[in-house]
Amino acid sequence: SMLVRSSASAKQSLLRRNFSTGSVPERKVAILGAAGGIGQPLALLMKLNPLVSSLSLYDIANTPGVAADVGHINTRSQVVGYMGDDNLAKALEGADLVIIPAGVPRKPGMTRDDLFNINAGIVKNLCSAIAKYCPHALVNMISNPVNSTVPIAAEIFKKAGMYDEKKLFGVTTLDVVRAKTFYAGKANVPVAEVNVPVIGGHAGVTILPLFSQATPQANLSGDVLTALTKRTQDGGTEVVEAKAGKGSATLSMAYAGALFADACLKGLNGVPDVVECSYVQSTVTELPFFASKVRLGKNGVEEVLDLGPLSDFEKEGLEALKPELKSSIEKGVKFANQ
Ligand code: NAI
């Protein structure tokens with residue numbers, strides 16, 4: 001029995017050793033559009049993430065500089081910059097997670113849909129490359145209009161025969177980040193404790209924060225809730241106007257993108273109960289894509305959660321957002337198939 005015990009304890013210490021070194025798997029993360037306003041701070045934040053072992057920074061220009069700069073930070077990941085179409089394959093090969101903030105941002109007076117003509121083509125090309133070079137990677141779509149670029153990606157992946165709806169995510173985390181910040185301000189509760197689900201899509205009225213489900217609870221009046229909803233929906237425009245022609249949210253978006261990517265990596269690594277809102281293929285409403293709470297796991301989406309109880313105001317908002325979201329989805333599908 002001594003022998004058994006000592007061999008068991010040897011096995012345990014081996015397991016423990018495995019745990020301390022091998023428990024954080026190798027993960028390659030690729031950022032497409034890595035030299036942009038979002039891409040650069042997102043590259044910085046992903047370089048700080050200990051779950052990343054390889055950080056691949058791709059853009060059509062300026063990635064050698066960004067990679068050299070970020071690469072000097074003394075954290076786990078190896079950083080490589082890739083520039084131009086000829087290097088896209090290498091940027092993607094072996095990636096576990098691809099984050100896409102490539103494309104043009106809004107200027108004052110523009111809607112996200114005004115970006116469609118330029119960004120749809122960029123997303124189409126990048127997704128064709130993903131289908132070829134890293135078909136099993138999770139994809140985090142940041143490029144706007146997200147309501148359409150996610151359906152475009154899905155169609156491109158279907159054509160390539162590798163579409164897995166569990167692996168495609170529209171990043172709506174910034175809407176959640178904003179809803180939390182604005183709610184905490186009005187509810188007078190510590191912002192770090194706040195949770196607010198945000199459902200629907202990622203543009204104007206399609207963004208629907210569910211303040212009735214916010215925690216910690218606060219007794220906010222209907223007028224305040226209406227104003228909070230509107231401010232969350234117009235949060236992006238608030239930044240676009242404040243930047244006065246110099247682009248849209250980049251720093252808060254990089255934070256939100258890094259948060260969502262971290263959740264995806266945790267899910268891949270088997271961490272239980274990782275739940276974030278995201279715009280995914282969905283059956284929670286009659287629309288084929290919809291943002292809601294999603295449980296993340298080893299294969300991406302583990303479960304799309306129900307919307308839960310909505311207030312009358314939120315029920316109205318839900319019905320009101322459906323026509324716009326539906327037409328943005330159809331526009332994306334049509335573009336990808338033309
Ligand atoms: P930016 O113009 O500063 O950067 C975009 C980068 O994409 C540039 O470095 C550009 O060279 C690169 N790029 C262009 N074509 C490319 C291609 N074919 N392959 C790889 N890279 C390419 O723009 P910013 O501010 O970083 O915004 C990027 C996108 O993110 C925009 O579409 C914007 O609307 C969107 N966005 C999304 C948010 C969200 O919540 N999902 C929030 C804020 C912005």
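Counting starts at 1 for both ligands and their atoms, in listed order.
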Visitor: Counting the benzene-type ring for Trp, do F169 and F260 have ring centres under 6.0 Å apart?
Guide: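 Judged by ring-centre distance (under 6.0 Å), F169 and F260 do meet the cut-off.
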
Visitor: Compare V240, I100, D85, I122 and give the one whose heavy atom is closest to atom 15 (N) of ligand 1.
Guide: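 Considering heavy atoms of V240, I100, D85, I122, the nearest to atom 15 (N) of ligand 1 sits in I122.
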
Visitor: Is there side-chain contact between K47 and V79, with heavy atoms separated by less than 4.5 Å?
Guide: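 They are in contact (side-chain heavy atoms under 4.5 Å apart), so the answer is yes.
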
Visitor: Closer than 3.5 angstrom, by distance alone: can the side chain of S53 be matched with the main-chain N or O of R27 as a donor-acceptor pair?
Guide: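 Here the side-chain-to-backbone pair exists.
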
Visitor: For atom 8 (C) of ligand 1, which candidate among N144, N140, D59, V177 holds the nearest heavy atom?
Guide: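 It is D59 that holds the nearest heavy atom.
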
Visitor: Which ligand 1 atoms does S248 reach within 4.0 Å, using its non-hydrogen atoms?
Guide: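 Selected atoms, number and element: 44 (C).
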
Visitor: Find out whether Y82 and L57 are in side-chain contact, i.e. whether some heavy atom of one side chain is under 4.5 Å from a heavy atom of the other.
Guide: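 A side-chain contact is absent here, since even the closest heavy-atom pair is not under 4.5 Å.
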
Visitor: Using a 4.0 Å cut-off to any heavy atom of V146, which atoms of ligand 1 qualify?
Guide: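 The atoms of ligand 1 under 4.0 Å from a heavy atom of V146 are 41 (N).
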
Visitor: Using a 4.0 Å cutoff against the non-hydrogen atoms of L115, which atoms of ligand 1 qualify?
Guide: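 Ligand 1 atoms under the 4.0 Å threshold to L115: 34 (O).
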
Visitor: Considering T250, V66, T63 one by one, which has a heavy atom nearer to atom 25 (O) of ligand 1 than any of the others?
Guide: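 Nearest heavy atom to atom 25 (O) of ligand 1 lies in T250.
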
Visitor: Just going by heavy-atom distances, which of G36, G39, G103 is nearest to atom 23 (O) of ligand 1?
Guide: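 Minimum heavy-atom distance to atom 23 (O) of ligand 1 goes to G103.
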
Visitor: State the atoms of ligand 1, each with its element, that fall below the 4.0 Å cut-off from a heavy-atom position in H202.
Guide: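 This gives 38 (C), 39 (C), 40 (O), 41 (N) as the contact atoms.
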
Visitor: Assess whether side chain to side chain donor-acceptor pair (under 3.5 Å) is satisfied between H202 and N147, documenting all intermediate values.
Guide: CA-CA 6 Å; H202 174 69; N147 289 355; over 6 Å; no

